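Below, all heavy atoms of this structure are taken into account, side chains as well, without hydrogens, waters or symmetry copies. The shown structure was predicted, so the numbers you read here are calculated from the model rather than taken from an experiment. Lettering follows sequence order; numbering is per chain, from 1.
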2 protein chains.
Amino acid sequence: MTTIKDVAKLANVSTATVSRVLNSNGYVNSATKERVKQAIEQLNYLPNDVARSLFKGRSKMIALFVPDIMNPYFPELARAVEDVTNRYEYTFVLCNTDDDIEKELTYLSALQQKSVDGFIIVSSTISEEHISKINAPIVALDRILSSKLSSVTVNNREGARQAVQFLKSIGCKRIAHICGPEHAGNTKTRLQGYLDEVQDEDWFISSYILPGEFNFEIAKQSTMKLLKDHPEIDGIFAGNDLMGAGALSAAANLGISVPADLSVIGFDGIALGETTTPSLTTMAQPIYDIGSKAAEMLVQQIDDNQISIRSEEFKVVLTERQSTISRR
Amino acid sequence: MTTIKDVAKLANVSTATVSRVLNSNGYVNSATKERVKQAIEQLNYLPNDVARSLFKGRSKMIALFVPDIMNPYFPELARAVEDVTNRYEYTFVLCNTDDDIEKELTYLSALQQKSVDGFIIVSSTISEEHISKINAPIVALDRILSSKLSSVTVNNREGARQAVQFLKSIGCKRIAHICGPEHAGNTKTRLQGYLDEVQDEDWFISSYILPGEFNFEIAKQSTMKLLKDHPEIDGIFAGNDLMGAGALSAAANLGISVPADLSVIGFDGIALGETTTPSLTTMAQPIYDIGSKAAEMLVQQIDDNQISIRSEEFKVVLTERQSTISRR
DNA sequence: TTGAAAGCGCTAACAT
DNA sequence: ATGTTAGCGCTTTCAA
């Protein structure tokens, strides 16, 4: 490894001068600057970021915590965060937490020890108490972790309502809901939106609500059971697209035709929804925008070095595809 | 931030002693060790990893380069690498390169500056020349970058052959192939396997080979065109599952029934293949095993600190699902 | 068994 | 405009 000393020696200046041209601050004669640059070039010198970090107490790294990288929602999100952090010359660290508090805490302290500059966190388990121990900026994503944190979310409840309204508008008379896992914050909000729309309907019974996981196979199995027990169901609002795809697959397996006999709508708007047959109607989140906004907010907080809490709520938008059709 | 000095002061010892208990090396009286531990506990002290890295020249970080994090193959792979690296207490850094050599080189030097301990790289563009400038261990994944590097791959050509053989065995008489992008190393190998099986058939014509991208929509469009131009086709071997899903969707759009009139087989074995209707038969890679093996090899190379080049080739296995059925 | 001190590579006062 | 130096927090000789 060649160091700043080597450069200094070759250019016949002090390390301070080299540092000055490296960071383009302080005065430095243009002739010597040239010499230094030459030396840097010649030695193929790259500054040691670790030494820099040690001095500055900051590492130019940003971490993103996601509960499940295998759920396509999160790679899309990660992609957005990566793009923004790169633009600001941060190194991007992606952490997969399984929504497991132990893993989250392990990551949190490991990264703090590395002087990571900030966190973007999607979590249902991290509490205010844990957060108070972190002294780097945090932006909560997808779910609000604390009123003391900036956050970027979507209108889950309203979006869920719109999904059900849409099913009604195309003529569905018996609408079921597949929930996400109980521990996820989203699950309750989306369920609430569903209930807003159906609980006063005379046809509504609680067995139209399916407990679930954000998982294709489990959703498929429970939908099969649902459709067997309740053949009258003609509309399904799935808590996310992965489960929506599961519902589609369940219907196909039972020989129920979608959308002719059953309409299905999901939530999230991941690319997977376009690959199913029929393709999946969904309440689409502006996933990329959400991720970039969170990253932008975090970078700003890091730079400003002041606590300005901001909350952004994006709106989901109905994206009609083949899994729903008017039956009127 | 509390430092080793604070601990030393509180425990009434030197920083050297604290360091010794921290790293459990060197002699230290069990009584003082106890005192130090108490102090650490009391101050909630966590060692500064940056300072450690500076001293050691190593950072306990491992990076994985993937060309496209939105292709579900890579999250599955990343998941495996993450699990292994975590087990060895490395921090895992995921880099999305878009198969763009500029981005790759930027990442490479940024991470070298951070003293990253090793790289696992999936790339079609990085050359021997670039590699020679890196002085951290590298494991090539999915594609072989250099004979000087350890690598983990699958039997692409043989696997492709098996895919086509399988289509033949169930009675397909006209088999087309959707290729991946030209720049990807895999593309050629899988195409070669296809050719091994079909080029001597009297029905074979070169327009049965479709250029493509590892992308759902593009595969869908070009398959639609193919099936319109060549209605005689009764089997498709897609270069990967994403494109296989595209072919499925194309057939559905044209009212061609799969598997009754057309059989489709993919390559990779990603979870997506189970979510399509019909689900996708595929030559499945042991994705998780591949990722873990690569990570294990890298960790070992880092620890051993010696250049032992090893190559592992995994075998793909035929996974029959609904998109193929015997027509005999 | 423990401590003093040098040094990892860099930056920023402070001096000149 | 440039150099000297202290110090970021840690580990490791070397000496005691």
Side-chain angles (χ1 to χ4, degrees), chain A residues 1-37 39-40 43-61 89 109-117 135-136, chain B residues 1-37 39-40 43-61 89 109-117 135-136:
Chain A
M1 265 264 85
T2 105
T3 75
I4 199 171
K5 274 189 192 169
D6 304 322
V7 177
K9 202 168 297 173
L10 182 59
N12 245 298
V13 294
S14 74
T15 60
T17 303
V18 178
S19 175
R20 279 190 273 260
V21 344
L22 242 28
N23 301 286
S24 19
N25 61 16
Y27 298 96
V28 35
N29 182 305
S30 66
T32 51
K33 182 188 287 184
E34 215 31 61
R35 255 188 306 144
V36 171
K37 285 193 170 169
I40 288 174
L43 294 173
N44 231 299
Y45 167 75
L46 286 180
N48 180 328
D49 252 350
V50 179
R52 269 188 184 168
S53 294
L54 177 58
F55 183 86
K56 301 222 180 199
R58 331 209 284 98
S59 64
K60 273 282 175 184
M61 294 198 290
E89 306 198 285
S109 64
L111 292 171
Q112 276 211 289
Q113 291 184 67
K114 293 198 182 306
S115 301
V116 162
D117 296 345
N135 65 337
Chain B
M1 265 263 86
T2 108
T3 77
I4 199 171
K5 274 189 190 169
D6 304 321
V7 177
K9 201 168 295 173
L10 182 60
N12 244 296
V13 294
S14 73
T15 60
T17 302
V18 178
S19 174
R20 279 191 272 260
V21 344
L22 242 29
N23 301 286
S24 19
N25 63 15
Y27 298 96
V28 35
N29 182 305
S30 66
T32 51
K33 181 188 289 184
E34 215 32 61
R35 255 188 306 144
V36 171
K37 284 193 171 167
I40 289 174
L43 295 173
N44 232 299
Y45 167 74
L46 285 180
N48 180 327
D49 252 350
V50 178
R52 269 187 183 168
S53 294
L54 177 58
F55 184 87
K56 301 225 180 196
R58 331 211 282 97
S59 65
K60 273 282 176 184
M61 295 199 288
E89 308 198 282
S109 64
L111 292 172
Q112 277 212 288
Q113 292 183 67
K114 293 199 182 304
S115 300
V116 162
D117 296 345
N135 65 337

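- Protein atom CZ of B/Phe55 is 7 Å distant from nucleotide atom C1' of C/dC8, rounded to whole Å.
- Between A/Val7 and A/Leu22 the shortest side-chain heavy-atom distance does not fall below 4.5 Å.
- For C/dT16, the OP1/OP2 oxygens have no side-chain nitrogen or oxygen of A/Tyr27 closer than 4.0 Å.
- Within the helix from C/dT1-D/dA16 to C/dT16-D/dA1, the inter-axis angle between the opening and closing five-pair segments is 50°, rounded to 10°.
- DNA chain D is contacted by A/Arg20 of residues 18-25 of chain A, taking any non-hydrogen atom closer than 4.0 Å.
- Nearest nucleotide to the side chain of B/Ala16, out of C/dT1, C/dC10, C/dA4: C/dA4.
- Distance CE (A/Met1) to C1' (C/dG7): 17 Å, rounded to an integer number of Å.
- Protein atom CZ of A/Arg52 is 19 Å distant from nucleotide atom P of D/dG9, rounded to whole Å.
- Judged by distance alone, the side chains of A/Asp49 and B/Gln112 never bring a donor and an acceptor atom under 3.5 Å apart.
- Among the protein residues, B/Thr32 comes within range of the sugar-phosphate backbone only, with heavy atoms under 4.0 Å from sugar or phosphate atoms but none that close to a base.
- Straight-line distance from the CG atom of A/Leu54 to the C1' atom of D/dC10: 8 Å, rounded to whole Å.
- Within the 4.5 Å cutoff, the side chain of A/Lys114 has heavy atoms near those of the B/Met61 side chain.
- For the pair A/Ser14 and D/dG3, the criterion of a side-chain N or O lying under 4.0 Å from OP1 or OP2 is met.
- The salt bridge (Lys or Arg N to Asp or Glu O under 4.0 Å) search around B/Arg35 returns none, not counting sequence neighbours.
- The main-chain N or O of B/Val50 is never found under 3.5 Å from a side-chain atom of A/Ser53 such that the two would form a donor-acceptor pair.
- Across all strands, A/Val50 comes closer than 4.0 Å to no nucleic acid atom at all (heavy-atom distances).
- The nearest pair of heavy atoms linking A/Ser59 to A/Asp117 is N-OD1, 2.8 Å.
- When side chains are defined from C-beta on, A/Val36 counts as touching A/Val13, because their heavy atoms get closer than 4.5 Å.
- C/dC8 atom C1' lies 9 Å from atom NZ of A/Lys5, rounded to whole Å.
- Protein atom CD1 of B/Ile4 is 16 Å distant from nucleotide atom C1' of D/dG7, rounded to whole Å.
- Protein atom CZ of B/Arg58 is 18 Å distant from nucleotide atom P of D/dC10, rounded to whole Å.
- The shortest non-hydrogen separation linking A/Ser19 to A/Ile4 is N-CD1, 3.9 Å.
- Nearest heavy atom pair, residue A/Ser115 against residue A/Gly57, reads CB-O, 3.8 Å.
- Atom CD1 of A/Ile40 and atom P of C/dG9 are 16 Å apart (whole Å).
- Residues B/Thr17 and B/Lys56 both approach DNA chain C. Their nearest nucleotides, taken by heavy-atom distance, put B/Thr17 toward the 5′ side.
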